[in-house]
Amino acid sequence: VFAGVNGSAIENFSCVIYNISFMNCTWQAGRNAPEDTQYFLYWQNSRDDDETECELYIKGENDRNMGCRFQNVTIKDKTTYFLVNGSSEASLIQFYDESITMYTIERLSPPLNVTANCTSNPARCIITWQPPLISHVEKKRCFQYEIHIQKK
């Protein structure tokens with residue numbers, strides 16, 4: 001049984017990893033949370049790590065924590081555990097927790113060093129690139145690419 005007022009836990013929790021090692025997590029206040037509710041995010045990147053609190057909160061109205069920015073994120077295990085609890089002087093606040101498969105929330109950068117060498121006779125182009133920098137896949141052959149060529 002979850003202690004606290006029904007509807008006081010955060011809603012719409014979401015995280016995104018970008019530029020290899022940065023992660024933003026955001027949420028909305030629970031629809032029944034008292035005005036003075038403050039939320040706190042804790043996460044555990046692997047079973048061997050300690051649970052740690054967010055170091056850089058994103059503030060919303062009333063100076064309420066509505067998200068967190070992380071730096072130097074590494075994907076260690078397949079899933080990471082997140083916990084957001086709240087406090088209020090008016091009532092108990094329900095907690096929210098979720099385990100997220102980290103590689104599913106990583107936004108990949110575009111390929112690097114894209115070059116196109118084209119000739120007119122015969123008309124053809126050779127396009128080369130390097131795979132994007134990523135944090136979780138060691139085998140570059142796992143990538144598939146799609147090229148859209150627009151004639152000018």
Side-chain angles (χ1 to χ4, degrees), residues 1-116 127-150:
V1 177
F2 296 113
V5 174
N6 274 341
S8 61
I10 63 153
E11 299 175 352
N12 300 320
F13 182 78
S14 127
C15 296
V16 174
I17 297 173
Y18 61 97
N19 289 349
I20 302 170
S21 63
F22 296 96
M23 180 170 68
N24 280 359
C25 295
T26 57
W27 58 83
Q28 294 173 336
R31 61 188 169 282
N32 295 331
E35 287 293 317
D36 73 331
T37 303
Q38 185 59 281
Y39 295 105
F40 304 95
L41 171 63
Y42 298 86
W43 74 308
Q44 187 175 12
N45 196 16
S46 74
R47 290 184 177 153
D48 298 330
D49 290 347
D50 291 330
E51 200 170 80
T52 56
E53 184 179 357
C54 170
E55 292 181 4
L56 184 59
Y57 282 106
I58 301 167
K59 301 285 188 178
E61 57 187 66
N62 301 332
D63 207 35
R64 180 183 284 168
N65 298 337
M66 300 303 292
C68 181
R69 289 188 175 98
F70 297 93
Q71 299 178 30
N72 303 318
V73 172
T74 56
I75 298 176
K76 292 183 179 177
D77 286 346
K78 290 184 179 181
T79 59
T80 296
Y81 176 71
F82 293 87
L83 169 71
V84 181
N85 62 26
S87 66
S88 166
E89 293 196 15
S91 63
L92 290 175
I93 305 301
Q94 290 180 326
F95 71 88
Y96 172 91
D97 67 340
E98 181 176 356
S99 292
I100 296 177
T101 305
M102 296 295 276
Y103 69 84
T104 65
I105 62 170
E106 184 174 14
R107 293 225 176 112
L108 299 177
S109 302
L112 302 170
N113 300 324
V114 177
T115 60
I127 302 169
T128 60
W129 61 87
Q130 293 175 334
L133 299 174
I134 56 169
S135 60
H136 69 277
V137 176
E138 294 178 11
K139 297 176 184 172
K140 303 295 185 197
R141 66 178 180 265
C142 293
F143 280 95
Q144 292 183 0
Y145 298 94
E146 184 175 313
I147 299 174
H148 294 273
I149 298 174
Q150 297 176 351

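Numbering starts at 1 and runs along the sequence shown.
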Rounded to the nearest 0.5 Å, how far apart are [atom1] of [X] and [atom2] of [Y]?
{"X": "Tyr103", "Y": "Thr79", "atom1": "OH", "atom2": "OG1", "result": "10.5 Å"}
{"X": "Met23", "Y": "Tyr18", "atom1": "CE", "atom2": "OH", "result": "10.5 Å"}
{"X": "Leu108", "Y": "Asn19", "atom1": "CG", "atom2": "CG", "result": "11.0 Å"}
{"X": "Lys59", "Y": "Glu61", "atom1": "NZ", "atom2": "CD", "result": "13.5 Å"}
{"X": "Ile100", "Y": "Ile105", "atom1": "CD1", "atom2": "CD1", "result": "5.0 Å"}
{"X": "Cys68", "Y": "Ile58", "atom1": "SG", "atom2": "CD1", "result": "7.0 Å"}

[X] side chain to [Y] main-chain N or O, any donor-acceptor pair under 3.5 Å?
{"X": "Glu98", "Y": "Ser14", "answer": "no"}
{"X": "Asn65", "Y": "Tyr39", "answer": "yes"}
{"X": "Trp27", "Y": "Ala9", "answer": "no"}
{"X": "Arg64", "Y": "Thr37", "answer": "yes"}

Is any side-chain heavy atom of [Y] closer than 4.5 Å to one of [X]?
{"X": "Leu41", "Y": "Phe70", "result": "yes"}
{"X": "Ile93", "Y": "Ser91", "result": "yes"}
{"X": "Thr26", "Y": "Met66", "result": "no"}

Closest approach of [X] and [Y], non-hydrogen atoms and distance?
{"X": "Glu106", "Y": "Ile20", "result": "OE2-CA, 4.2 Å"}
{"X": "Asp36", "Y": "Ala90", "result": "OD2-N, 3.9 Å"}
{"X": "Asp63", "Y": "Gln38", "result": "O-NE2, 3.1 Å"}

So, [X] versus [Y]: side-chain donor-acceptor pair below 3.5 Å or not?
{"X": "Trp43", "Y": "Thr52", "value": "yes"}
{"X": "Ser8", "Y": "Asn32", "value": "no"}
{"X": "Asn45", "Y": "Thr80", "value": "yes"}

Residues in side chain to side chain donor-acceptor pair (under 3.5 Å) contact with Ser87, at least two apart in sequence or another chain: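 Not a single residue meets the side chain to side chain donor-acceptor pair (under 3.5 Å) criterion with Ser87.
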Let me see the working for Cys25 and Cys15 under disulfide (SG to SG under 2.5 Å), right down to the final yes or no. CA-CA 4 Å; Cys25 295; Cys15 296; 2.0 Å; yes
Checking Tyr96 now: which residues fulfil ring pair (Phe, Tyr, Trp, His ring centres under 6.0 Å) with it, not counting sequence neighbours?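 In terms of ring pair (Phe, Tyr, Trp, His ring centres under 6.0 Å), with neighbours along the sequence ignored, Tyr96 is linked to Phe13.
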